[in-house]
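Only a predicted model underlies this, so the values are computations on that prediction, with no experimental measurement involved. Just so it is clear, the values below take in all heavy atoms, side chains as well, and ignore hydrogens, waters and symmetry mates.
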Amino acid sequence: IWSIVHRAYKQRSNFGWTRCKPTASSQRRDHHSRSGIVEKKVIMKSKLRAGIIGAGFIAKVHARAIRNSGNELVAIASSTPESAASVAESFGIQKVFNTWQELVESPEVDVVHICTPNELHAEIAIAAAKANKHIVCEKPISVNLEEAIEVEATVDASGVGFAVPFAYRFYPIVREM
């Protein structure tokens with residue numbers, strides 16, 4: 001999975017295409033797609049500052065992906081400050097937030113990685129989009145269709161980038177599907 005997140009950061013593909021509003025640190029350019037529809041591409045600043053919500057196994061995978069892609073891992077929050085502090089110490093993360101809400105609202109974070117239990121994904125994604133943070137959300141986006149639709153609407157309205165890592169995306173058999 002880390003290679004997918006790494007690829008998203010390197011190519012900026014999941015953070016740059018369509019429905020993205022420019023920020024003070026980005027530029028906007030129009031691109032015409034094959035269908036003739038004008039798409040907007042945002043060119044992001046050189047390094048993104050990421051925060052991870054969750055401190056389990058997959059959070060550590062995301063931490064390595066963020067660092068391997070040349071971006072900054074600046075913050076972490078988890079269900080308990082102790083678990084977040086443990087991961088922060090092992091990965092050299094400077095800022096530990098007591099709650100995920102504090103991380104989402106922090107001006108020090110550009111991208112929120114959601115690595116929590118499934119039932120929290122939609123709530124955190126909606127809050128992050130409303131705070132104009134780009135989002136990398138572990139599967140699934142939500143636990144029901146209504147929440148998924150709400151996440152999509154909020155992300156569309158805010159114009160932030162949204163990515164769901166899919167480790168098998170580039171396998172030949174999956175590409176044929």
Side-chain angles (χ1 to χ4, degrees), residues 1-27 41-81 83-118 120-141 151 154-155 158-167 169:
I1 190 166
W2 77 266
S3 64
I4 300 303
V5 177
H6 175 77
R7 202 171 293 133
Y9 272 102
K10 277 292 191 194
Q11 297 173 354
R12 304 284 195 261
S13 61
N14 288 326
F15 298 116
W17 287 101
T18 69
R19 298 185 293 254
C20 288
K21 295 177 183 175
T23 63
S25 60
S26 65
Q27 297 174 304
K41 182 173 182 179
V42 175
I43 297 156
M44 302 302 293
K45 61 185 175 184
S46 60
K47 282 193 176 190
L48 295 171
R49 300 167 301 167
I52 296 177
I53 301 173
F57 166 77
I58 203 65
K60 294 168 186 153
V61 173
H62 281 254
R64 284 190 297 277
I66 294 163
R67 291 267 169 80
N68 289 340
S69 66
N71 290 285
E72 296 179 69
L73 179 52
V74 297
I76 189 164
S78 188
S79 57
T80 66
S83 63
S86 173
V87 173
E89 184 179 331
S90 64
F91 281 93
I93 303 169
Q94 298 298 315
K95 184 74 172 173
V96 176
F97 288 99
N98 290 323
T99 67
W100 66 260
Q101 292 92 338
E102 292 174 0
L103 186 146
V104 165
E105 292 299 322
S106 172
E108 300 170 32
V109 175
D110 300 316
V111 182
V112 173
H113 285 248
I114 303 171
C115 304
T116 61
N118 297 346
L120 298 174
H121 290 184
E123 179 183 5
I124 297 170
I126 290 166
K130 287 180 179 177
N132 291 314
K133 308 291 184 189
H134 299 294
I135 303 159
V136 177
C137 182
E138 268 304 317
K139 299 172 290 304
I141 294 170
V151 168
T154 308
V155 167
S158 69
V160 298
F162 187 91
V164 177
F166 182 52
R169 177 178 174 193

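- The structure places CG of L73 at 11.5 Å from CG of N68, a figure rounded to the nearest 0.5 Å.
- Taking all atoms of both residues into account, the shortest heavy-atom contact from A55 to S83 is CB-O, 3.7 Å.
- Under the 3.5 Å distance criterion, the side-chain polar atoms of H113 are left unmatched by any main-chain donor or acceptor of V136.
- Side-chain contact between V74 and Q94 is absent, with no heavy-atom pair separated by less than 4.5 Å.
- Here the OG atom belonging to S158 is positioned 10.5 Å from the CD1 atom belonging to I126, to the nearest 0.5 angstrom.
- Between the side chain of R49 and the backbone N or O of P107, at least one donor-acceptor pair lies under 3.5 Å.
- No side-chain heavy atom of L120 sits under 4.5 Å from any side-chain heavy atom of W100.
- For the atom pair OG1 (T116) and NE2 (H121), the distance works out to 4.0 Å, reported to the nearest 0.5 Å.
- The closest side-chain heavy-atom distance from F91 to I52 is not below 4.5 Å.
- Side-chain contact between H62 and P165 is present, with at least one heavy-atom pair separated by less than 4.5 Å.
- Closest heavy-atom contact between V151 and A125: CG1-CB, 4.1 Å.
- Taken from CD1 in I53 to CD in Q101, the straight-line distance is 8.0 Å, to the nearest 0.5 Å.
- For G92 against R67, the heavy-atom pair with the smallest separation is O-NH2, 3.7 Å.
- Minimum interatomic distance between A127 and V104 (heavy atoms only, all atoms of both residues): O-CG1, 3.6 Å.
- Between the OG1 atom in T154 and the CD1 atom in I135 there is a gap of 8.5 Å [rounded to 0.5 Å].
- Using modelled atom types, one side-chain atom of K133 and one backbone atom of S106 make a donor-acceptor pair closer than 3.5 Å.
- Between H134 and V160, some side-chain heavy-atom pair lies under the 4.5 Å cut-off.
- A donor-acceptor contact shorter than 3.5 Å links the side chain of S69 to the backbone of A65.
- What you find for A50 and I66 is that their closest heavy atoms are CB-CD1, 3.6 Å.
- In this structure, K95 NZ and L103 CG are separated by 10.0 Å, a value rounded to the nearest 0.5 Å.
- Figure legend: K60 and F57 shown without cation-pi pairing, the cationic atom not lying both under 6.0 angstrom from the six-membered ring centre and within 45 degrees of its axis.
- Side-chain N or O atoms of N71 include one that pairs as donor or acceptor with a backbone N or O of L48 at under 3.5 Å.
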